[in-house]
Amino acid sequence: MSTFERVVKILAEYDVETDALTPETTFESIGLDSLAIVEILMNCEDEFGVEIELEENPKTIGEFVALLDSIVD
Amino acid sequence: MERRVVITGLGAVSPVGNTVQESWDSLKTGRSGIGMLTKFDATDFKVSVAAEVKGLDLSLYLEKPEIRKNDLYTQYAIVAAIQAVADSGIEGRIDPERFGVYVGSGIGGISTTIENEHKLLEGGPRKVSPFMVPMMISNMAAGVVSIKCNARGPVLPVVTACATSTTAIGEAYRAIRHGYADGIIAGGSEAATMPLAVAGFSSCMALSKNPDPVTACRPFDQNRDGFVIGEGGVVLIVEELEHAKARGAHIYCELKGYGNTSDAYHITAPDPEAGGISRAIRMAMEQAGALPEEGLYINAHGTSTHLNDKTESIAFKMALGEAAYRCPISSTKSMTGHMLGAAGAMEALVCAKALEDGIIPPTIGYSEPDPDCDLDYVPNQARIFDGKWALSTSLGFGGHNGALVFRKYEEA
């Protein structure tokens, strides 16, 4: 499963309609604020087995995925 | 110029019902919301009963993300506010900048605090939720209600323990009376039926150890031994009279007096001489110009603790003199349990409905008179009431006292 697909799976737990999500989708457009992004990153720590320091401020799912990939690699 | 203030909307989620109608039907028929404590395993506790909110369908009021991101105490406040705003028809009929929120909580999001304490201990600081602080702080119910109802005027989340929502409604009354707002969503909410809070109240000897849900809370009875913990959210729409009339609002009653005093005596015990609460009653009665001879119903704080009920009985006699003996007094906590920060608003709601419907709900579970409590407590049976006035009293840990006086609404 790609990082994008794994993130979409986590987003599904946030009552987000996942069918139409693309890397360009902004968090704002799916009703997730900066606090929710922090919480989702925390859940990704468990999913990906890494520790993430949130200094970035990803606006889109694509940016979020890129951030994760840079840490996992 | 001092303006007149009326109640134009009611909302309630309580141990006796998840709407105003259901709650009022329970209270006037003497139906209790007290049962065995089910929210957690209380095996090791001295306390085994509680007045829990039952069968509330939050999805009728809130989207799933709102449920996830708000502590239960805030959820109760939102539900009550949505009901009250709908009942009043005020939405879109008030300038948002003249629309306020005075919704308080005695304790705030204590379950959220504890859940995150567990996360901290188990997983370290990075596991603590970014929503922990906004969910836990005790002003957030007012904050979220203001967002939900687009109320951009004064917001004041009161914290005066068990007097919280009486103080909130009283301060809303003053703000409207003196022109700072035209309408205020006022009340309180509480969701502390959880192990730490119950253990804490139990340790400070406030809770009944009686395992029988029928007699555990028996205010003013000789054998009372403490209060029963309750929960819920109750909100009133407090509105300026001319504003309400101009939009053709239904007026439940007029709010005419408020008293707010401190015992300056002890952190949990009321002053046995009842100086603080009797002054609050006198202030509210005088401001209202209330005459007990015109018929005065008193909804007492009546927690069913030994000290409260005795002190309050003294206070009624100090403040009202001989007239206290002729006033019907009931404690609806005998059915709702002690809703803590929501209690005062629940009891203000009862006063509004009693004046409107002409019915006084009883003090249930009452069987053996206490010589220290020698007034008319409307035992066990509701009573017809054709008086013009209602008084609600509240006493909170910290020595906070509040009194509200309502009058049956008449044009002149």
Side-chain angles (χ1 to χ4, degrees), chain A residues 3-22 24-73, chain B residues 56-75 77-79 82 108-150 152 155 157:
Chain A
T3 306
F4 178 78
E5 286 165 331
R6 288 163 79 181
V7 168
V8 167
K9 218 175 99 198
I10 288 168
L11 289 175
E13 293 164 24
Y14 287 79
D15 308 305
V16 171
E17 193 52 65
T18 53
D19 292 350
L21 295 182
T22 70
E24 286 71 42
T25 303
T26 63
F27 288 106
E28 192 183 358
S29 72
I30 51 176
L32 296 174
D33 60 16
S34 59
L35 296 179
I37 294 170
V38 173
E39 198 174 55
I40 291 162
L41 263 178
M42 288 173 144
N43 290 348
C44 288
E45 289 192 340
D46 296 335
E47 164 73 18
F48 291 86
V50 293
E51 288 201 353
I52 305 164
E53 292 310 325
L54 184 64
E55 304 296 336
E56 314 283 328
N57 185 13
K59 296 267 186 278
T60 65
I61 297 175
E63 288 173 25
F64 189 88
V65 167
L67 175 68
L68 273 174
D69 280 339
S70 73
I71 295 162
V72 174
D73 297 340
Chain B
L56 174 65
D57 183 0
L58 284 166
S59 71
L60 295 175
Y61 303 93
L62 295 168
E63 302 291 334
K64 274 188 193 165
E66 293 177 303
I67 297 172
R68 198 174 52 239
K69 286 191 290 192
N70 288 294
D71 186 272
L72 183 61
Y73 99 92
T74 298
Q75 296 170 13
I78 301 170
V79 171
I82 290 172
I110 188 168
S111 294
T112 294
T113 308
I114 295 306
E115 278 165 29
N116 281 278
E117 168 78 353
H118 290 316
K119 287 181 187 172
L120 176 69
L121 295 176
E122 284 160 19
R126 57 192 307 119
K127 292 298 176 195
V128 172
S129 168
F131 291 101
M132 191 277 279
V133 170
M135 285 172 72
M136 162 273 279
I137 51 182
S138 60
N139 61 305
M140 195 47 70
V144 175
V145 167
S146 129
I147 295 167
K148 290 286 285 184
C149 301
N150 192 30
R152 299 171 181 224
V155 170

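Residue numbering restarts at 1 for every chain, and letters A, B, ... go by the order of the sequence lines.
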For A:Glu51, is it the side chain, the backbone, both, or neither that has a heavy atom closer than 4.5 Å to a heavy atom of chain B? both
Which distance, rounded to the nearest 0.5 Å, do you find between the CD of A:Glu13 and the NZ of B:Lys64? 12.0 Å
Against chain A, label B:Arg68 side chain, backbone, both or neither, depending on which of its atoms sit under 4.5 Å from a heavy atom there. side chain
Could you tell me whether A:Arg6 atom CZ has more than 12 heavy atoms of other residues or ligands within 6.0 Å of it? yes
Which atoms of B:Val133 come close to chain A, meaning under 4.5 Å heavy atom to heavy atom: side chain ones, backbone ones, both, or neither? neither
Looking at B:Arg126 and A:Ile52, would you say the former's side chain and the latter's main chain have a donor-acceptor pair under 3.5 Å? yes
Which pair of non-hydrogen atoms, one from A:Leu35 and one from B:Pro130, has the smallest distance, and what is that distance? O-CG, 3.2 Å
The interface call for A:Asp33 against chain B, heavy-atom contacts under 4.5 Å, is side chain
Of all heavy-atom pairs between A:Asp46 and B:Lys127, which one has the smallest distance, and what is that distance? OD1-NZ, 2.8 Å
